[in-house]
Amino acid sequence: KGLLDQGKAVPRGRRGGRSKDKAPAKSKAQQTRVVQELAGAKVLIVDDDIRNIYSLTSVLEAHDVEVLHAERGKEGIEILERSGSIDAALIDIMMPDMDGYETMQQIRRRPKLANIPLVAVTAKAMKGDRQKCLDAGASDYIAKPVDIDLLLALLRVWIARSQDAARNPAPVVEAAE
């Protein structure tokens with residue numbers, strides 16, 4: 001299996017012939033638009049369309065986000081279970097085998113993974129689809145074609161909440177007997 005099939009981050013030098021040493025210089029506008037709250041975060045993309053993975057990865061890496069990906073729901077769950085440090089996951093709804101709804105439900109059933117922010121990414125933008133995603137376990141929802149500014153804002157909020165919860169876990173309250 002290649003890197004793309006193993007849910008591993010793709011080194012920048014592997015795409016488009018760019019080497020790590022010769023990455024294109026960012027313009028002044030690009031430099032000021034980097035969302036600092038995302039720098040250093042780790043995001044999992046679960047989508048069966050490699051074009052979507054590539055475009056979302058390109059955007060997120062420009063904000064210094066480490067990106068992992070999976071092309072199937074089951075594979076995404078396995079990556080989440082192996083990596084205890086993923087800050088958020090973008091879950092496509094329309095996937096073969098295990099769709100995004102079932103993937104999110106499975107993630108929410110696992111105590112170790114239950115609090116990871118899940119953002120449903122879907123071409124289905126009909127009335128009721130957002131609620132169906134939330135009912136399946138999504139923390140939030142974004143429709144395709146993805147509005148990049150909205151995606152970055154959602155990730156900024158959810159990753160901050162996730163990291164804050166990890167730093168300050170809620171106290172465990174024991175039931176009275």
Side-chain angles (χ1 to χ4, degrees), residues 4-10 35-49 52-53 56-57 59-61 63-126 128-144 146-147 150-177:
L4 294 177
D5 298 319
Q6 296 176 14
K8 295 184 180 175
V10 179
V35 180
Q36 294 300 322
E37 297 90 343
L38 297 179
K42 189 183 289 188
V43 173
L44 172 66
I45 300 171
V46 183
D47 195 314
D48 62 315
D49 188 335
N52 293 333
I53 292 170
L56 291 171
T57 297
V59 168
L60 294 175
E61 284 182 346
H63 294 276
D64 297 323
V65 174
E66 180 181 346
V67 179
L68 301 176
H69 75 274
E71 294 181 32
R72 299 286 187 270
K74 183 177 180 189
E75 180 186 358
I77 293 169
E78 291 168 358
I79 292 169
L80 287 171
E81 288 177 327
R82 282 194 316 262
S83 175
S85 61
I86 292 178
D87 296 300
L90 303 175
I91 311 289
D92 181 38
I93 295 301
M94 302 303 290
M95 294 186 290
D97 304 325
M98 180 188 295
D99 67 17
Y101 300 118
E102 185 178 346
T103 300
M104 291 185 294
Q105 290 168 345
Q106 292 283 332
I107 291 167
R108 293 297 183 224
R109 288 186 192 121
R110 290 166 164 77
K112 181 180 167 190
L113 307 178
N115 295 320
I116 294 173
L118 304 177
V119 177
V121 183
T122 182
K124 295 179 73 175
M126 304 295 289
D129 287 333
R130 182 179 194 281
Q131 190 58 49
K132 187 173 178 183
C133 290
L134 297 174
D135 291 345
S139 306
D140 222 316
Y141 164 98
I142 191 166
K144 293 178 185 176
V146 173
D147 176 330
L150 177 58
L151 174 66
L152 295 173
L154 289 175
L155 286 175
R156 185 179 54 80
V157 168
W158 286 108
I159 288 172
R161 287 182 187 177
S162 174
Q163 291 174 343
D164 186 50
R167 283 189 294 271
N168 304 308
V172 176
V173 178
E174 301 214 12
E177 291 184 33

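No hydrogens, no waters, no symmetry mates; every other heavy atom, side chains included, goes into these values.
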Legend entry - Heavy-atom pair of closest approach, residues Gly137 and Arg108: O-NE, 2.8 Å

Legend entry - Carboxylate-amine/guanidinium proximity below 4.0 Å for Glu81 and Arg110: yes

Legend entry - Side chain His63, main chain Val35, donor-acceptor under 3.5 Å: yes

Legend entry - Min side-chain heavy-atom separation Ile77-Ile107 under 4.5 Å: yes

Inset, instruction - To the nearest 0.5 angstrom, please state how far the CG atom of Leu150 sits from the CG atom of Asp147. - result: 5.0 Å

Inset, instruction - Could you tell me which non-hydrogen atom of Met126 sits nearest to which non-hydrogen atom of Asp129, and how far apart they are? - result: N-OD2, 2.8 Å

Inset, instruction - Sequence neighbours left out, what passes side-chain contact (heavy atoms from CB on, under 4.5 Å) with Asp48? Give chain and number order. - result: Arg72, Asp92, Met95, Pro96

Legend entry - side-chain hydrogen bond (donor to acceptor under 3.5 Å, both in side chains) involving Arg161 - partner list, sequence neighbours excluded: none

Legend entry - Gln105: side-chain hydrogen bond (donor to acceptor under 3.5 Å, both in side chains) partners, not counting sequence neighbours: none

Inset, instruction - For Thr57 and Ile53, indicate whether the former's side chain and the latter's backbone hold a donor-acceptor pair under 3.5 Å. - result: yes

Legend entry - N/O donor-acceptor pair under 3.5 Å between Ser162 side chain and Trp158 backbone: no

Inset, instruction - Would you indicate whether the side-chain heavy atoms of Ile79 and Ile86 approach each other to under 4.5 Å? - result: yes

Inset, instruction - Could you tell me the separation between the CG atom of Leu80 and the CG atom of Leu113, rounded to the nearest 0.5 Å? - result: 5.5 Å

Legend entry - For Val121, the option from Val46, Asp140, Ile142 that meets side-chain contact (heavy atoms from CB on, under 4.5 Å): Ile142

Legend entry - From SG (Cys133) to CG (Asp135), nearest 0.5 Å: 9.0 Å

Inset, instruction - Any chance you could measure Leu60, atom CG, to Ile45, atom CD1, to the nearest 0.5 Å? - result: 5.5 Å

Inset, instruction - Carefully, step by step, assess Leu44 and Leu90 under the rule side chain to side chain contact (heavy atoms under 4.5 Å, CB included). - result: CA-CA 6 Å; Leu44 172 66; Leu90 303 175; over 6 Å; no

Inset, instruction - Measure the shortest side-chain to side-chain distance between Leu151 and Leu56 over non-hydrogen atoms and say whether it is less than 4.5 angstrom. - result: yes

Legend entry - Shortest non-hydrogen separation from Pro117 to Ser139 and the atoms involved: CA-OG, 3.4 Å

Inset, instruction - Provide the closest heavy-atom pair for Ala88 versus Ile116 in the form atom of the first, atom of the second, distance. - result: CA-CG2, 4.1 Å

Legend entry - Euclidean distance, Ile93 CD1 relative to Lys144 NZ, rounded to 0.5 Å: 9.0 Å

Legend entry - Which atom of Val119 lies closest to which atom of Tyr141, heavy atoms considered: CG1-N, 4.4 Å

Inset, instruction - Spell out, as yes or no, whether a donor-acceptor pair under 3.5 Å connects the side chain of Arg156 to the backbone of Glu37. - result: no

Inset, instruction - Quick one: closest heavy-atom pair of Ile159 and Ala41, and the distance? - result: CD1-CB, 3.8 Å

Legend entry - Validation row: Asp47, Ile91 side chains within 4.5 angstrom (heavy atoms): no

Legend entry - Min side-chain heavy-atom separation Glu66-Val43 under 4.5 Å: no

Legend entry - Gln106 (side chain) donor-acceptor with Glu102 (main chain) under 3.5 angstrom: no

Legend entry - Stepwise side chain to side chain contact (heavy atoms under 4.5 Å, CB included) check, Lys42 with Val65: CA-CA 6 Å; Lys42 189 183 289 188; Val65 174; over 6 Å; no

Legend entry - Within 6.0 angstrom of Met94 CE, more than 12 heavy atoms from elsewhere: no

